Amino acid sequence: MQTRIVSRILLAVIILLLIGALPLAAQDDGEVQELGTGEIEINFWSGLGGPDGQSMTDLITRFAEENPDVTINYQILGWGTFFDKLSAAIVAGSGGPDLMTLWHSVVPQYALTGHIMPVAEQMFNLGMLDKDDFSTALLDSVSFDGEVYPVPFDNYGSGLYVNTRLLERAGISFDDPPENGEEFLEYVRRLTWDENGNNPGDEGFDTDSIAVWPLSIGWNRVTVTPALYQWGTDVVTPAPEAEVLIDSEEAKAAVQYFHDLVFEHHVLPGVNWSGELMLNDGLSMYLDGAWTYNFYNTNMEDGQIAFWPYPRLGPERGSTIMWSHTLAVTSNIEPDTLEATMRLIQFLSDNSKEHSIKTGMPSARLSLRTEDLADQIWTFGTLTTQMAAEGVPEYQSERFTEVEDIMAAAYSSIFTGQQTVEEGLDDAAQRIRRALR
Amino acid sequence: MKSKPATTDSGRSSNWTLTNKRREAIAGYLFLAPYLVFFLVFLAGPVISAFVTAFVEWELLRGTYRFIGLENFQLMLEDDLFGIAMGNSLYFALMTTAGNVVVALCAALALKSIRLGHTLFRVVMYAPVVLSISVIGIIFSRLLAPFGLLNAGLELFGHDGFNYLADPSLVLPSLSLTTIWWGFGFPMLIFLAALYAVPEALYEAARIDGAGRWQILWQVTLPLIRPALLFIIVTQFIAHIQVFGQPYIMTNGGGPGYSSYTIVLHIYRNAFSYYHMGYAGAMALSLGVVMFIFALVQFRLLGRYTEY
């Protein structure tokens, strides 16, 4: 009898838990928000989540209010789901988006196969946007056969977040960022402490009890790739030629520098997110992208975290990587919808400064990167100055996703010691060549 | 009872009648229809489609679709990742199936032997099965993180802990343990049902003959639950060789490097990330063949029935 009562209670608890979980399931991504009440419907799929997504939603809501003839069916999707759904829509030939956000790096996959149209070129020709207001390097990276395809919305890069409290402890001035690879290694040494407060090289330094790590190299795609440019190379040359460069001597030297940071200089390999570690003063420097600004800005104590340019490590040049979220339009869009979609793109582009303020991601429009933003966003000045002087758009490929998966696994193998730099990059090059065949 | 001929409004007799047998048959098919439709659309259809796809070059984005014979299978031989992924999947499936059988059987034996709290323990041990892999993946990613709960526990005993998901030699065993915790409840219930079906008289006879606990387990229990054991091993192996969610969520899709990269991840990426549908179809077909061969071997080894 007692057992029966217990099982009934347990059953009731499980059912209640399942019912309680239903609202959570309902909040899953992919929910369509119908914004506006107009006759012309625009299906907009966006991969921007978090603060980026909120900022984009605010802009679209305003557009819908100001344009009563338009309804926007707006869906925010995780990037994985986004590309899965996109492929399904392409196969089905319908049900896909009219407008979508695409990383500029994947644009060749869709432009060279005819799935997106050169909407930017049309908008330049119609005078809706000014071609000269965008970085030439960025426009070149989304142009094929002389036509610009999607419209770059934002334009961001990576840099070095530094913990100012730990800089002070090491006696390093924030105004004195490292100028070359050797100096950077010296900074790494001075910004590492064991539990007894010793630096590497000091007598009694205990490698097994590191209390403050010098550097985390974060997401390898963001942090190692810019170094390739500094050694005068890249993963592949631009599409459609796409010559594989990752097994060149220069590429191996660049990756070897990071390999040595991990295995000889106590640097955390690019596997896990280390933002909290930095806030807790357990990490001195963090190579990461512009998007991390929001996390620190929300969580840090006054001035604890600051931003240096991506350091000059290699022999050839200084550099940072550049990306863009672009606004792409499907090729099979209806003429009425296209007109309204171009209006929406123009509105989003014109108001992208607002997006910058909320997210820390600079606008792709050069005229909207005004000086006042540097006072509001502490990464802004450093980031835009370096991007203008040394920014290199990330490599592109018609097989970008496949190439990037191969590179991610290669970096991971090398930085966890499964393979040497030579083996890891040779294997990766072989796989990339097969993928590009 | 004979059915009355149906008549129309004008009183003409209908030229067809429904006998009870026919009515029953129609009702039977109607009851069967929902599953039959589901089976044809979502199981048989895709299997046939994958079979056809394996012999074509189907590049989704480029829109190419042409018959290329065995070329996809030839590509498979040149693709080192196919071998790595298949090897990882087999290792994971063997390890997880063995672990699941042992844990589930021990749990079932323990449950059968206790009186108090039997239902409570059964519910608690089965509960993880109802959770989705997303939930399990996130919970265990945190538990197994370098600064996670498990290492915090080890630190109490003076051990530095392990990097479970970033150490190439530990990652698959870690995913396997996660999967065992998640899924042993189902085989446990099957074993429990099988254990209850063993006549108590046989145990009494064995005890009278002087058999100890181990002897009873090996000589009486295991031979008599062999059909359940076979069912569990075959179904668990088929399920675990198709592992996908655990590496997808917990190791960023098969890392570090390709240490936890599995065959279904490779098929998934080729189909839905790289759009090589034909090649993915060929790999799916090959995986089907591997599963079929292993199932046959298992039937051969364990298919004998024991009766006393």
Side-chain angles (χ1 to χ4, degrees), chain A residues 2-11 13-14 17-18 21 25 28 80 83-88 90-91 93 109-110 112-115 208-209 268-269 271-272 276-277 282 398-406 408-419 424 427 430-431 434-435 437, chain B residues 58-65 75 78-81 84 115-124 126-127 130-132 134-135 141 145-148 160 163 165-169 171 248-249 251-261 265-266 268-277 279:
Chain A
Q2 204 176 1
T3 318
R4 272 191 195 168
I5 293 169
V6 170
S7 17
R8 280 175 190 169
I9 291 171
L10 273 171
L11 199 62
V13 169
I14 290 169
L17 284 173
L18 288 173
D28 198 7
F83 288 111
D84 287 351
K85 278 193 71 162
L86 193 59
S87 59
I90 286 169
V91 175
Q109 287 184 195
Y110 300 97
L112 292 172
T113 47
H115 293 293
D208 292 329
S209 65
L268 289 172
V271 178
N272 294 315
E276 281 88 0
L277 190 63
E398 200 184 340
R399 298 274 185 218
F400 178 83
T401 317
E402 199 166 354
V403 173
E404 193 39 48
D405 282 343
I406 292 168
Y411 287 141
S412 165
S413 290
I414 291 166
F415 297 143
T416 51
Q418 285 182 74
Q419 287 189 298
D427 280 357
Q430 198 183 342
R431 289 175 185 137
R434 195 183 306 128
R437 238 181 4 221
Chain B
W58 182 13
E59 292 292 320
L60 216 56
L61 285 184
R62 292 179 182 168
T64 52
Y65 190 94
L75 267 180
E78 295 168 17
D79 179 7
D80 63 331
L81 290 182
I84 292 170
R115 295 263 176 262
L116 197 66
H118 180 277
T119 312
L120 173 72
F121 282 114
R122 201 170 52 184
V123 170
V124 167
Y126 187 77
V130 304
L131 297 174
S132 78
S134 313
V135 174
S141 295
F147 302 107
D160 287 342
N163 206 348
L165 299 176
D167 183 329
S169 61
V171 64
Y248 186 75
I249 292 167
T251 63
N252 287 327
Y258 291 106
S259 303
S260 60
Y261 191 59
L265 267 175
H266 197 43
Y268 166 81
R269 278 193 179 170
N270 272 279
F272 302 110
S273 296
Y274 314 151
Y275 309 118
H276 309 317
M277 300 303 277
Y279 183 49

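Residue numbering restarts at 1 for every chain, and letters A, B, ... go by the order of the sequence lines. Heavy-atom basis, side chains included; hydrogens, waters and symmetry copies ignored. Only a predicted model underlies this, so the values are computations on that prediction, with no experimental measurement involved.
Counting only distance, with no hydrogens or angles, the side chain of A:Gln418 and the backbone of B:Pro168 share no donor-acceptor pair below 3.5 Å.
Scanning all heavy atoms of the two residues, the minimum distance from B:Tyr258 to A:Ala409 falls at CZ-CB, 3.3 Å. Smallest separation of non-hydrogen atoms from A:Ser412 and B:Gly257: OG-N, 2.5 Å. Contact record, B:Ala166 with A:Thr416: O-CG2, 3.8 Å, taken as the closest heavy-atom pair.
At a 4.5 Å heavy-atom cutoff, the contact between B:Tyr268 and chain A is made by side-chain atoms alone. If you measure heavy-atom distances from B:Leu165 to chain A, you find no contacts under 4.5 Å at all. Only the side chain of B:Arg269 has a heavy atom closer than 4.5 Å to any heavy atom of chain A. For B:Glu78, the parts lying near chain A are the backbone and the side chain together; criterion is any non-hydrogen pair under 4.5 Å. Only the side chain of B:Tyr275 has a heavy atom closer than 4.5 Å to any heavy atom of chain A. In this structure, chain B has heavy atoms under 4.5 Å from both the backbone and the side chain of A:Ile406. Neither the backbone nor the side chain of B:Asp167 comes within contact range of chain A; no heavy atoms are under 4.5 Å apart.
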Exercise. Could you walk me through whether A:Arg437 and B:Leu75 pass side-chain contact (heavy atoms from CB on, under 4.5 Å), step by step?
Key: CA-CA 12 Å; A:Arg437 238 181 4 221; B:Leu75 267 180; 4.1 Å; yes
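Options A:Gln430, A:Gln419, A:Gln109 differ in how many heavy-atom pairs under 4.5 Å they form with chain B, and the most are formed by A:Gln109. Annotation: maximal heavy-atom pairing with chain B below 4.5 Å, among A:Asp405, A:Asp208, A:Thr401, occurs at A:Asp405.
Two residues are said to be in side-chain contact when any heavy atoms from C-beta on lie closer than 4.5 Å; A:Arg431 and B:Asp80 meet this criterion.
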